[in-house]
Amino acid sequence: GSWTWTDDDGTATAGTVDSGSSSATFSLCTGAGSCGTLYVDAAGSYHGERSWTLLDSSGTALASGVTDMTTTVCDGAVVALDPTLEPTTLEPTLEPTIPQPTSDLVCYTLYAEDSYGDGWDAGSWTWTDDDGAVTVGTVDGSETQFTLCPGSGGCGVLYVDGGGSYLTERSWELVDAAGSAIAAGTADIEAVVCDGVVKLSSFPTPVPTPAPMPA
C-alpha cells in the first residue's frame, strides 16, 4: 500500500510505511493555489492495521482515516473527503485482530464465448494482478477458457474491452476454485476481484430495446 499527494500545480509525491516500521512522518506542501489532494490506496493486505492522520502546521488534526480514501485540502481546511468521514484525531483502540494469511493463492477460471463461433474479432480481455503482471487473451472460435491468478495481495483486475464488432455475440464468466461464478458479463466491463470477492464492477449503459412498430 502507499499514499499519493498531488498539489494544485500537478506535482505528485508518493510514499509508504516501510516493512518492519510501525509509523512514519511526511511533510506535504500545497501548490500555488494553496490546495492539495491526498489519496491512500488499498493495495496489498492487512488493511485493518493501517491508519493515517493529516495535521496542519500547528499540529491540529484536519483529517484521518484508513485505506482507499481521497482527501482534498485548501487553505488549511478539508474541502472534500471520500469516503465521507468526520475529520477527527485518532483515538487509541483495542489491539487489532490480525488476519492470518492464506497458505495458497486461489486462481480463477475465465470462460469466454462467442455465440456465432467466429471469435471476438478485434476484442480482447486483460487481467492485471496486484503485482503488476499483465495477461491478455481473446476468443478465436466459439469458446475457450483461461486460468487467471491474483498477485501476492490476492487481488486482480479483469477488463473485457469493446473492440471490434458484433459485441452482443460475446459473453464471459469468471469462476472461483470451487466452481462458483463470481462475475459475468459481455463487453466493456471491468471487475476487480480480491480474495474471491468481486469488489467493483463497472458496466456500460445498456442500449434500450426499440419499441415494435405498429402493423
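Residue numbers run from 1 in the order of the sequence given. Computed from a predicted model, the values in this text were never measured in an experiment.
You'll find the side chain of Trp125 stays beyond 4.5 Å of the side chain of Val139, heavy atoms only. Contact of the Tyr166 side chain with the Asp114 side chain is not registered, since no non-hydrogen atoms from C-beta on lie closer than 4.5 Å. No side-chain heavy atom of Thr186 sits less than 4.5 Å from a side-chain heavy atom of Val160. In this structure, Val193 and Leu158 have side chains that are not in contact, with every pair of non-hydrogen atoms separated by 4.5 Å or more. Between Val175 and Ile182, the closest side-chain pair of non-hydrogen atoms is not below 4.5 Å. For the pair Thr109 and Phe146, the minimum side-chain heavy-atom distance is 4.5 Å or more. Two residues are said to be in side-chain contact when any heavy atoms from C-beta on lie closer than 4.5 Å; Asp161 and Ser124 meet this criterion. Trp172 is listed as a side-chain neighbour of Ile189, based on a closest heavy-atom distance under 4.5 Å.
For Trp120, there are no ring-ring contact (aromatic ring centres under 6.0 Å, His included) partners, not counting sequence neighbours. With sequence neighbours left out, the ring-ring contact (aromatic ring centres under 6.0 Å, His included) criterion links Tyr39 to no other residue.
With rounding to the nearest 0.5 angstrom, the OG atom of Ser142 is 11.5 Å from the CD atom of Glu169. Atom SG of residue Cys155 and atom CG of residue Asp195 lie 5.5 Å apart, to the nearest 0.5 angstrom. One distance of note links CG of Leu38 with OG1 of Thr71; it measures 5.5 Å at 0.5 Å rounding. Note: Ser64 OG to Leu55 CG = 9.5 Å, rounded to the nearest 0.5 Å. Remark: Asp118 CG to Ser115 OG distance equals 8.5 Å, nearest 0.5 Å. Taking CG from Asp188 and CZ from Arg170, the interatomic distance works out to 10.5 Å, rounded to the nearest 0.5 Å.
Hydrophobic clustering of Ile, Leu, Val, Met, Phe, Trp and Tyr side chains at less than 4.5 Å, counting indirect connections, unites Val73 with Phe26.
Under a 3.5 Å cut-off, the side chain of Asp130 and the backbone N or O of Gly156 do not form any donor-acceptor pair. Asp121 places a side-chain N or O within 3.5 Å of a backbone atom of Ser165 that can act as its donor or acceptor partner.
Between Tyr108 and Pro150 the shortest heavy-atom distance is CE1-CD, 4.2 Å. Residues Val40 and Val66 share a closest heavy-atom pair of CG1-O, 3.6 Å. Counting all heavy atoms, side chain and backbone alike, Ala177 lies closest to Val106 at CB-CG1, 3.5 Å.
Tyr116 OH: 12 or fewer foreign heavy atoms inside a 6.0 Å radius.
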Compile the donor-acceptor pairs under 3.5 Å between side chains in residues 1-8 and protein atoms, sequence neighbours left out, one pair per line.
from	atom 1	to	atom 2	distance (Å)
Ser2	OG	Asp41	OD2	3.0
Trp3	NE1	Gly15	O	3.4
Trp5	NE1	Cys29	O	2.8
Asp7	OD1	Asp9	N	2.9
Asp7	OD1	Gly10	N	3.1
Asp7	OD1	Thr11	N	2.9
Asp8	OD1	Gly31	N	3.1
Asp8	OD1	Ala32	N	3.3
Asp8	OD1	Gly33	N	3.4
Asp8	OD2	Gly33	N	2.9
Asp8	OD2	Ser34	N	3.2
Asp8	OD2	Cys35	N	3.1

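A side-chain donor from one of Thr37 and Thr72 sits under 3.5 Å from a side-chain acceptor of the other.
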